[in-house]
Amino acid sequence: MRKRHLILCMVIAVLMIMPAAVFAGGRAERPAANELEIFSWWTAGGEAEGLQALIDIYNERYPEVNVINATVAGGAGAQAKAVLASRMQGGNPPDSFQVHAGQGIIATWVVEDFMEPVTFILEDNGWMDDYPADVIDIISYQGEIYSIPVNIHRSNVMWYNRSLFADNGLEPPASMAEFFQVAEQLRARGITPLAVGGTDGWEQTHLLESVLLAELGAEAYRGLWTGATAWNGTRAKAALESFLRVMEYTNPDRAALTNIDAAQYVAEGRAAMTVMGDWVHGYYLSIGHTPNEEYGWVPFPGTAGNFLMLSDTFGLPKDVPNPQNVERWLTLIASREGQDAFNPIKGSIPARTDADRSLYDAYLLSAMDDFGRDTIVPSVAHGAAASESWVTRINDVVNILVNNRNVDQAANEFQSLAQQYAR
Ligand code: GAL
């Protein structure tokens with residue numbers, strides 16, 4: 001009787017545990033499945049197709065592997081990062097996941113010991129020299145590489161509607177002073193000068209980083225993330241004032257728009273300009289637009305010669321069930337073939353320096369040339385300059401600043417965050 005009771009208890013226990021395990025990862029019930037789960041936030045036009053191009057090559061090469069394209073929508077990983085964090089903390093990492101080069105991977109996952117080194121992917125294939133040393137540097141920690149960059153994106157790009165500019169006899173602004181003049185003229189004609197999103201909480205930070213770069217220059221901008229530039233000093237405060245002035249020329253419905261919606265406003269002529277990373281180029285291509293026809297681009301006014309960069313990378317979390325499948329994925333995205341399949345669709349340039357230029361359009365060729373000769377500075381909104389926790393706190397301060405317009409308060413809060421996080 002006691003034995004039967006024991007067995008019953010065990011059955012009940014298994015039944016209670018099983019649904020939780022199945023829910024947690026979908027893996028518990030099929031531990032040996034030959035799968036590769038790729039986790040990202042690439043759901044928008046351009047990026048979804050770029051990712052699919054990579055998965056198609058993987059499927060062709062390794063038809064026996066079931067690739068799971070796991071996406072959580074939301075620009076800049078606004079929702080994906082939280083889902084990822086809970087899976088990582090819960091011991092259920094995706095096999096490989098999109099993560100920003102720089103502090104996004106290093107401070108967030110590597111220092112905390114969640115990742116395996118992947119230096120061997122580049123070394124074994126003889127690809128070390130095919131990547132710029134600066135890029136290798138920001139994905140490395142204590143002599144090892146921890147993620148493989150599939151691209152380079154530029155953040156400080158101002159996209160504009162060419163016919164709106166031409167019809168109003170305007171030239172795209174090259175300096176902050178010109179921006180305010182052009183914006184004034186557009187507004188006087190009833191046109192929203194600058195479209196900005198706000199749904200995901202980071203879009204205004206994206207704009208702010210370009211304004212900070214324009215007003216402070218590359219060196220002082222970098223100092224904001226190392227502690228060398230005071231956020232509450234005169235120059236940084238003047239830059240925050242300038243940011244608020246730029247915000248005066250934006251659409252009032254920001255909170256209802258994603259970054260892609262804002263780009264769409266420009267495509268439809270509902271606004272003249274938007275400042276966003278060059279995934280917007282991928283989006284415009286996906287809706288059938290052509291660079292230099294419907295839309296043009298310039299570096300954010302006052303930032304020509306500087307390239308605010310970010311990079312999407314993938315790594316190998318510790319304890320995944322099929323590390324070989326991940327190594328093959330990383331090898332594919334590290335290869336010239338992989339990068340040349342992905343980037344012309346995604347709207348980014350390859351992280352490798354040996355791309356086949358004939359595959360890239362006028363915008364991407366200009367970005368490649370700029371990346372080769374400009375001063376490279378790290379984007380904060382997209383994880384290159386600061387850890388995820390720091391960026392989250394910055395986004396909060398920016399959103400409050402836009403609402404209460406209290407520069408002193410924001411400058412002091414930014415400064416105390418820098419004291420806490422800068423390295
Ligand atoms: C960035 C990411 C890009 C793009 C963008 C919009 O953070 O690096 O690849 O996805 O967000 O979601």
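Atoms within each ligand, like the ligands themselves, are counted from 1 in listed order.
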- [ ] List the steps, then state whether side-chain hydrogen bond (donor to acceptor under 3.5 Å, both in side chains) holds for Thr313 with Ser147.
- [x] CA-CA 6 Å; Thr313 74; Ser147 64; 2.8 Å; yes

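A cation-pi arrangement is absent between Arg162 and Tyr295 under the rule of less than 6.0 angstrom and at most 45 degrees off the ring axis.
Of the N and O atoms on the side chains of Asn259 and Trp279, at least one donor lies less than 3.5 Å from an acceptor on the other residue. Residues Gln181 and Gln185 have side chains that never bring a donor and an acceptor to within less than 3.5 angstrom of each other.
Ring centers of Tyr363 and Trp159: under 6.0 Å apart, within the cut-off.
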N/O donor to acceptor pairs below 3.5 angstrom from side-chain atoms of residues 381-389, sequence neighbours left out:
unit_1: His382; atom_1: NE2; unit_2: His206; atom_2: ND1; d: 2.9
unit_1: Ser387; atom_1: OG; unit_2: Trp390; atom_2: N; d: 3.3

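Closer than 4.0 angstrom to ligand 1 by heavy atom are Trp41, Trp42, Glu47, Gly75, Ala76, Gln98, His100, His153, Trp279, Leu310, Asp312, Lys346, His382, sorted by chain and number.
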